Amino acid sequence: ETGDLTLSFSTLTQNLADSNFGGAGNGALFINDLGEGTILVSSSIIAQNLDGSGLDRRARGSSSQLFPDVAEDSGNISGGYNLIGDEAGSTSFVEEGDMAGDSIDPLDALLGDLLYNGGPTPTCAISANSPAYNAADPLNFVQADQRGISRPQDGTPDIGAFELAI
């Protein structure tokens, strides 16, 4: 079956790709074939995910296909303003506001640990030093973060599920 997926103001982090340790980690966001469905990722963080293969992330080279953050071959899925830690498995994140690292130099989102930072569910906080701070789409944003804190707090909303209240 096919369907549509929209990730907006979301944080995908600290997930484990290749949990069977078979040597092929396919990412926190793995898209093999969209069929009739669509995927749109906007103002989201996909970073600091793990590869359980035991291979060194920086030793990927041409013989390895390990992509702990994003792996897709479906064309452009970015709606802009995303922070992708390791984009080595994708060519989609080139829209306005997108920031991405690669397997040699991953982009550090500077996320805190998964904790109860207020609200009903745990979140990974960002700091004012995070590249996600004040970097989301300034015109199209959800009115509150995952905890219920209103957006924006300091002029421009933050990328991801957490809005820093200063």
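Because only heavy atoms are used, hydrogens play no part in the values below, and waters and symmetry mates are left out as well, while side chains stay in. Computed from a predicted model, the values in this text were never measured in an experiment.
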| request: Without swapping roles, check the side chain of D98 against the backbone of S78 for a donor-acceptor pair under 3.5 Å. | output: no
| query | Just checking, any donor-acceptor pair under 3.5 angstrom between side chains of N140 and Y81? | reply | no
| For M99 against A135, the heavy-atom pair lying closest together | CE-CB, 4.0 Å
| message | Donor-acceptor pair, distance only, cut-off 3.5 Å: does the side chain of N15 make one with the backbone of T13? | response | yes
| query | If you look at every heavy atom in S90 and S92, which pair is closest and at what distance? | reply | OG-N, 3.0 Å
| message | Donor-acceptor pair, distance only, cut-off 3.5 Å: does the side chain of D105 make one with the backbone of G101? | response | no
| task | For the pair E87 (side chain) and F93 (backbone), establish whether a donor and an acceptor sit closer than 3.5 Å, ignoring hydrogens and angles. | result | yes
| D145 and A161: which non-hydrogen atoms are nearest, and at how many Å? | CB-O, 3.2 Å
| message | Please say yes or no: joined through hydrophobic side-chain contacts below 4.5 Å, possibly via intermediate residues, are L12 and L115 part of one cluster? | response | no
| Out of curiosity, N82 CG to I46 CD1, how far, rounded to the nearest 0.5 Å? | 6.5 Å
| Any donor-acceptor pair under 3.5 Å from E163 side chain to Q153 backbone | yes
| field | Between S103 and D86: side-chain donor-acceptor atoms closer than 3.5 Å | value | no
| Cluster question for you: counting only ILVMFWY and a side-chain heavy-atom cut-off of under 4.5 Å, with indirect links fine, are I159 and L7 together? | no
| query | So, Q14 versus D113: side-chain donor-acceptor pair below 3.5 Å or not? | reply | no
| query | Where do P157 and R151 come nearest, in terms of heavy atoms and distance? | reply | CB-CD, 4.3 Å
| query | Of all residues at least two apart in sequence or in a different chain, which pass the salt bridge (Lys or Arg N to Asp or Glu O under 4.0 Å) check with D158? | reply | none
| query | Counting only N and O atoms by type, is there a donor-acceptor contact under 3.5 Å from the side chain of S44 to the main-chain atoms of S42? | reply | yes
| Side chain D69, main chain I84, donor-acceptor under 3.5 Å | no
| field | Check: F141 main-chain N/O paired with D137 side-chain donor or acceptor under 3.5 Å | value | no
| field | Within one Ile-Leu-Val-Met-Phe-Trp-Tyr cluster: F162 and I166, side-chain cutoff 4.5 Å | value | yes
| Can you find a side-chain donor-acceptor pair between N117 and T123 that sits under 3.5 Å? | yes
| message | Side chains of Q143 and S150 only: does a donor on one sit below 3.5 Å from an acceptor on the other? | response | no
| said: Just verifying a value: how many Å separate N134 CG and D154 CG, rounded to the nearest 0.5 Å? | reply: 5.0 Å
| request: Could you tell me which non-hydrogen atom of T156 sits nearest to which non-hydrogen atom of A136, and how far apart they are? | output: CG2-O, 3.5 Å
| request: May I ask whether L5 and V41 are part of the same hydrophobic cluster, defined by side-chain heavy atoms of I, L, V, M, F, W, Y residues being less than 4.5 angstrom apart, directly or through others? | output: yes
| Under 3.5 Å: donor-acceptor pair, side chain of S130, backbone of L110 | no
| request: Output the distance between atom CD1 (I77) and atom CG (L40), rounded to the nearest 0.5 Å. | output: 8.5 Å
| task | Keeping the roles fixed (side chain from Q146, backbone from F9), state whether a donor-acceptor pair exists under 3.5 Å. | result | no
| task | List for me each residue that meets side chain to side chain contact (heavy atoms under 4.5 Å, CB included) alongside A47, sequence neighbours excluded, and say none if there are none. | result | I45, L83, A109
